[in-house]
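Residue numbers start from 1 in every chain, and the chains themselves are labelled A, B, ... in the order their sequence lines are given, proteins ahead of strands. The structure presented is a predicted model; accordingly, all values stated were derived computationally and were not measured.
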Amino acid sequence: MITKFLTNVSTTFNPFSPRAKTARNFLALLPPNARSTMKVDVKMLPRTSKEPIRLSLKFKDGKEMDLDLQKLKIGDVEEEVNRHSRGLARQEELSGN
Amino acid sequence: MPPRLRLEPRHLRVRISSANHASQQCCYASVATATTPAPPIDQTIRSVPPVLRYPTTQPPSYKPPQFRKSQLHRQYASLLRSTPLMLLFQHNNLRSVEWMAIRRELVTALRKVDAELAAAGGSAESNAAVADSVKAQILQTGIFASALKVVEFYHPAQDQEPRTPHPSDPATPTSARIPDTHPSPADPRHTHSLSEAAHRAAADRKLRHGLEPLLSGPLMAVTFPTVTPQHLAAVLRTLAPNPAFPAPRRRAVPSYHEPAVQAGLAKLMLLGARVEGRVFDMEGARWVGGIQGGLGGLRGQLVAMLQGMGAGVTTALEGAGRSLYFTMESRRMDLAGEGKPKEEGAEAKEGA
């Protein structure tokens, strides 16, 4: 997954819900130095809470992405992030930075 | 070609007639008949004790035992059986220096708790040094999940005694207790956690132990040898600080605030806990860690509560007895009042 263009990751989940696996896997995909390059905000809910799982990302160009983890699996999330990041990478390359 | 020896019939006749049978018997062992002594009567009455076909420490395993995963499975099953208190964390790409720093901080915090408990005195149970037995280890998630199912759902009958003569029986040639099992994993008498029976018990997908949603992704476990709320609180303060369990101050423990430790802690997430077979979430783990005074304190509270209850029960029971006593006494007084003439009659009899 291309994490170079992420600036903000914020997620809320209840680890005991079966769908929270996606959010946890996403956090596990971030590189070891992720906390120095982006803001990572993780909020974990108690076991009994029924709140939906939320994962919202912000990119360097200001785009905000709210992902519905009730439907998406980790592969789909990765695909979404990579699609936008590739566009950003191309722009960066063309502008010569 | 070797030179042909001339063989004369006369020579042959001489050798046969010499009747040297002993040497011929030696030559033809297959033809020889030896008399076998009859087996002793003892052997014909009872069978010989079984011979173990495998080392006692290596009973036949369902999965190939030489694989690392089989051994990890065995190790995790043993860990789960021996630890009553276990915290589960997710670790997101920690570096080895960060692991090292976190483990160091954990050990210092736990040793401090041990020293405090030893200084405070108390029972020998609470004084046992726990710090060196608390381990933080990374788990192979899938194998751990399987081992947890074996531990939770496979309970072989405990009364399966090895069907061998007692070691002190003089008929036993060896003092080792040898189970009468076949050297194949399919034998249902094998009850270790790598046996086929254990595998079948754990293969049922409908069984739920409650920790399934946590068992995915990178996992780390902190295991305790006993349920000690004080040590648990120290671990929570170190690894998962929050307002209820504040992290140590910079002045008190400067090494805790080094960048390696802090960077590592930011990537650790407390998921849940398993306390004496029951599943707790983060709040539950913090509740266990927040028990004041540890297990001793809990026992003290229980004793106080029971004592209060005991006093109540005593007064209640006594009250019933007392009221009965009062009723009976008043009734007796009444009867005594009515029965005066009778008494007089009795006196009259005595007089007569």
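The greatest number of non-hydrogen atom pairs below 4.5 Å with chain B, out of A/Pro18, A/Pro15, A/Pro32, is found for A/Pro32. When each of B/Gly217, B/Ala266, B/Pro218 is checked for heavy-atom pairs under 4.5 Å with chain A, B/Ala266 comes out on top.
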Determine which donor-acceptor pairs between chain A and chain B fall under 3.5 Å and list them with their distances.
| from | atom 1 | to | atom 2 | distance (Å) |
| --- | --- | --- | --- | --- |
| A/Arg24 | O | B/Gln90 | NE2 | 2.9 |
| A/Arg24 | NH1 | B/Gln90 | OE1 | 3.2 |
| A/Arg24 | NH1 | B/Ser216 | O | 3.1 |
| A/Arg24 | NH2 | B/Pro213 | O | 2.9 |
| A/Arg24 | NH2 | B/Leu214 | O | 3.2 |
| A/Arg24 | NH2 | B/Ser216 | OG | 3.2 |
| A/Ala28 | O | B/Asn93 | ND2 | 2.9 |
| A/Leu30 | O | B/Asn93 | ND2 | 2.4 |
| A/Pro32 | O | B/Lys267 | NZ | 2.7 |
| A/Arg35 | NH2 | B/Ala266 | O | 3.4 |
| A/Arg47 | N | B/Asp281 | OD2 | 2.8 |
| A/Arg47 | NH1 | B/Val279 | O | 3.2 |

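With a 4.5 Å cut-off on non-hydrogen atoms, B/Leu94 does not touch chain A at all. Of the atoms belonging to A/Phe13, it is side-chain heavy atoms, and not backbone ones, that fall under 4.5 Å from chain B. Interface residue A/Val42: only side-chain heavy atoms are found under 4.5 Å from chain B. Heavy-atom distances place the backbone of A/Leu30, and not its side chain, under 4.5 Å from chain B. Interface remark: A/Ile74 contributes no atoms to any contact with chain B (heavy atom separation under 4.5 Å). Neither the backbone nor the side chain of A/Ala20 comes within less than 4.5 Å of any heavy atom in chain B.
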* Check the pair A/Phe16, B/Leu271 against side-chain contact (heavy atoms from CB on, under 4.5 Å), reporting the backbone distance first and the verdict last. => CA-CA 8 Å; A/Phe16 280 88; B/Leu271 295 179; over 6 Å; no
